[in-house]
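Report on the structure given below.
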Amino acid sequence: MEKVKLTAKQAQEVMKTDGKKWLENQIFKNIRQAGEHGETSIVWDFEHCMLFVVVEIQEELRNLGYDVDCVDEDTKTVLRISW
């Protein structure tokens, strides 16, 4: 198998597109699982994640009707997402 080497700039672009989409999918998967168990909220930690990605995901969740509380800690951002 051929290895693909990414430049730092390419890695940033992948994070902005594929990485963000992967995070969104994981969050919505957890929301579905929580709802199936009768829960009304989840907590999601973003560690070592670019702030603009967190902000974009937060905005999307709010646009979809979720309540989102955000707490910034030392190296991570914590979102409490409720519905």
Side-chain angles (χ1 to χ4, degrees):
M1 179 183 346
E2 184 177 331
K3 293 186 180 187
V4 177
K5 295 180 181 179
L6 298 175
T7 64
K9 184 175 176 95
Q10 289 170 320
Q12 287 178 350
E13 289 304 313
V14 168
M15 180 268 310
K16 290 177 186 177
T17 56
D18 297 341
K20 180 179 170 242
K21 195 52 81 179
W22 181 85
L23 280 171
E24 288 173 344
N25 288 337
Q26 294 303 307
I27 290 169
F28 286 113
K29 179 180 174 183
N30 284 6
I31 288 171
R32 176 178 292 281
Q33 289 173 340
E36 289 171 349
H37 292 108
E39 300 172 25
T40 59
S41 68
I42 64 168
V43 175
W44 192 272
D45 295 353
F46 292 88
E47 196 163 2
H48 308 293
C49 189
M50 298 292 283
L51 182 60
F52 75 90
V53 171
V54 176
V55 170
E56 288 179 6
I57 291 173
Q58 207 176 344
E59 286 176 8
E60 182 173 353
L61 288 163
R62 285 189 174 132
N63 289 340
L64 291 169
Y66 292 92
D67 293 321
V68 183
D69 296 319
C70 180
V71 177
D72 289 319
E73 297 181 357
D74 292 334
T75 61
K76 65 182 178 180
T77 301
V78 179
L79 295 184
R80 179 184 167 93
I81 305 161
S82 56
W83 53 93

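Numbers here are sequence positions counted from 1.
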Separation of [Y] [atom2] from [X] [atom1] (nearest 0.5 Å):
X   : Y   : atom1 : atom2 : answer
E60 : N63 : CD    : CG    : 7.5 Å
F46 : T75 : CZ    : OG1   : 14.0 Å
I57 : L79 : CD1   : CG    : 8.0 Å
W22 : Q26 : CH2   : CD    : 4.5 Å

So if you build clusters from Ile, Leu, Val, Met, Phe, Trp, Tyr with side-chain heavy-atom gaps below 4.5 Å, do [X] and [Y] land together?
X   : Y   : value
V43 : I27 : no
M15 : V54 : yes
M50 : V68 : yes
L6  : V53 : no

Mind checking side chain to side chain donor-acceptor pair (under 3.5 Å) for D69 and listing every partner two or more places apart, or none if nothing turns up? none
Under the side chain to side chain donor-acceptor pair (under 3.5 Å) rule, collect the residues that match up with Q10, sequence neighbours excluded. T7
Fellow cluster residues of L51, listed by chain then number, with links counted only when side-chain atoms sit under 4.5 Å apart: V55
Shortest non-hydrogen contact from A34 toward W83: CB-CH2, 3.8 Å
Report yes if the side chains of I81 and N30 come closer than 4.5 Å at any heavy-atom pair, otherwise no. no
Under 4.5 Å between any side-chain heavy atoms of I42 and Y66, yes or no? no
The criterion is salt bridge (charged side-chain N to carboxylate O under 4.0 Å, His left out); which residues satisfy it with E24, sequence neighbours excluded? K20, K21
Please collect all side chain to side chain donor-acceptor pair (under 3.5 Å) contacts where either partner lies in residues 31-47, sequence neighbours excluded, each pair once. S41-R80, D45-K76
Which pairs with one or both residues in residues 4-18 pass salt bridge (charged side-chain N to carboxylate O under 4.0 Å, His left out), sequence neighbours excluded? E13-K16
